[in-house]
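This report refers to the structure that appears directly beneath it.
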Amino acid sequence: MSDMDDAYKDKILEVENLNVEFSTYGGVVQAVRGVNFSVGRGETLAIVGESGCGKSVTVQSIMGLIPTPPGKITAGEARLRGNNILNLPAKEANKFRGVEIGMIFQDPMTSLNPTMTIGDQISETLMVHRHLSYADASAKAVALLDKTRIPEAKKRAAQYPFEFSGGMLQRAMIAQSLACNPSVLIADEPTTALDVTIQAQILELMSELQKTEDMSIILITHDLAVVAKMADRVAVMYAGQIVEMGAVDEIFYESAHPYTMGLKEAMPSNRNDRAKKLTPIEGSPPDLFSPPAGCGYYARCPHAMKLCETKQSEEFILSSNSSHFSKCWLQHPEAPKTDGLFQAGDEHAS
Amino acid sequence: MLVRTEGLQKYFKIGRGQMLHAVDGISLGIEKNEILGLVGESGSGKSTFGKTLIGLHPRTGGKAYYEEQELPPKFSAADHLAYSKNLQMIFQDPYSSLNPRMTVLDIVGEGLHIQGQHSKSQIKDEVAAWLTQVGLNADHMSRYPHEFSGGQRQRIGIARAMIIKPKFVVCDEPISALDVSVQAQVINLLDDLKNSLGLTLLFIAHDLSMVRYVSDRMAVMYLGTVVECGPSDEVFFNPQHPYTKLLIESNPEPDPKAERARQHASIKGEITSPINMGPGCRFADRCPSATARCSVEDPKTTKISDQHSVTCNLFD
């Protein structure tokens, strides 16, 4: 690890006050409203939330993948080792994306070029960024496919995406994203389209590669079970904002935001407690054409107070090392005690 | 048994004289007012089994019974009319399973309209009642599918299937396209309807935790065959077939401590296509306990308790 890296050990990638909006015929959608987070070296940060909460838009902004127009990053910075990478011209952006930050997508079938062989798609990355010759790049592509445990990598490199299964395509996409040894890998719902058995294989491959390649991972998912398996830290997003963030155990065992609580209770546990009925979160997320003045979760929250409708909560810090915060008025010292919810002053689980 | 199959088969011709054995000899029964969960990887034949069972695909072989009467191998238009009163289906994809050019009133009311025993105003009242029951607004009936979210469309699909008060409903991955918070709404709705209407359900899904939660019994499919079947908790907490064991080991749970303690023995390889299957166990090539015998001899079904059966050579 160089001295340069050492200085940014805890914050390889830092996102500050990110705001993204989209102009549509119906008006302006405020998809991301003031998001802050950072990722440390070798760490996995999971961003969870339901469809439309802004989790994908957040990472697409970092990668410069937001189509402009209609999209627009209206405020904020994303710093890779201290250098802002938002709103860069394509030529500048190409120096880091695919090189320093790799990305894999939810649907490997539509994310790869159907008219190019898998091997050529991976070597293209190497030829563009690392200026390798075609022969060298092709050899490295086979080695990368081998690294992601694709059997008969040499034969497979000469095949087209349609000849691959979903799980194999996801491996190929991981191989491609690793081509330039990125320090950050962004995985946007990498296993949502896959079966549990293949999901387990891909997640284990990612964990292993994270260790051998010393990568940070930003994992976007809606599946809390995947979060539990993979994450060191978790950011819970709702209506374009991070409503709770903390270490994985804090989020699961000391959930401090009613939305996090709601997500947990809406899922069946694997314990033998069949009598317990699932508790759905009633209603649907707010319209981000005109986001509510107060808390985005107000309309669905079982503990909503009058204050929540008009005023957004601040981020209340709940752990001594300030890793855990909840953006909810129930964490205010004068708020009523709420059953089941972790509140400031409660005993920590461990 | 309300619905029962005996050695049900459905093969598809895929050209060049090849046959895809999507469903290959499945014998299952579902008791009245029971929920049978059907799990397995994509391509294991779950949906094909559900569709063949209620006559949406003509079957290749075997038998299917409804109330102990044999269903025709290939449904004629008259058969569809007669049986669709009692056998219904909720489809997986709430986006492509609703006709975009029909209003919600037409979609949900179509079943009653086809039966021809209701006047227009009666149909309208029924549709309004059902939309309310599935948690939508009765005023929504003049809208088109594109005006609804995924969860709302799934409810329209449920109202469409339920309005003619069927006895048996095949739910094909009814929640896999939905967000976690909405999944629970739909599951609770199905559970309420099951209790209030005395419904019997075949619940097809790949989410093991959800299937265990929802169903009374659970059947595990692999490449067109059922490898294990038994009471849900028994199959989930005490799996016997090597495939079921691996499936459950691969299923992560929303609990970081349990995940850290988990043994990582994830399953190798991928499911293949059941094209021109020979004899032998279909799981043999991925099975950690396979012996030479498994690739030549069809496994037999062994009962390990009154209701719990396994189809594997290890138990023979």
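- Contacts between Arg300(A) and chain B at a heavy-atom distance below 4.5 Å involve the side chain alone, from C-beta outward.
- Heavy-atom distances place no part of Val227(A) under 4.5 Å from chain B, backbone and side chain included.
- Residue with the most contacts toward chain B among Val226(A), Ile281(A), Leu194(A): Ile281(A) (heavy-atom pairs, distance under 4.5 Å).
- Top candidate by heavy-atom pairs under 4.5 Å with chain B, chosen from Ala231(A), Gly262(A), Pro280(A), is Pro280(A).
- Using a 3.5 Å distance cut-off with no hydrogens or angles, the side chains of Gln159(A) and Arg156(A) do pair a donor with an acceptor.
- Contacts of Asp191(B) with chain A are made by side-chain atoms alone, with heavy-atom separations under 4.5 Å and no backbone atom involved.
- For a residue to count as touching a neighbouring chain, one of its non-hydrogen atoms must lie under 4.5 Å from one of that chain's; by this rule Met230(A) does not touch chain B.
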Begin with the C-alpha distance, continue with both residues' side-chain angles, and end with the deciding distance and a verdict on side chain to side chain donor-acceptor pair (under 3.5 Å) for Tyr243(B) and Glu41(B).
-> CA-CA 11 Å; Tyr243(B) 178 62; Glu41(B) 289 170 84; 2.7 Å; yes
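- At a threshold of 4.0 Å, the pair Glu204(A)-Lys229(A) counts as salt-bridged, since one of the basic side-chain nitrogens sits closer than that to a carboxylate oxygen.
- In this structure, chain A has heavy atoms under 4.5 Å from both the backbone and the side chain of Glu253(B).
- Geometric assessment of Lys257(B) against the ring of Tyr253(A) yields a positive cation-pi assignment under the 6.0 Å and 45° thresholds.
- Gln199(A) touches chain B through its side chain: at least one heavy atom from C-beta onward sits under 4.5 Å away, while N, CA, C and O do not.
- Counting heavy-atom pairs closer than 4.5 Å to chain B, the top residue among Pro151(A), Gly166(A), Ser165(A) is Ser165(A).
- When only modelled atom types and interatomic distance are considered, Gln240(B) and Asn238(B) share a side-chain donor-acceptor pair under 3.5 Å.
- Using modelled atom types and a 3.5 Å distance limit, the side chains of Asp24(B) and Thr225(B) yield no donor-acceptor pair.
- Ring centers of His140(B) and Phe148(B): under 6.0 Å apart, within the cut-off.
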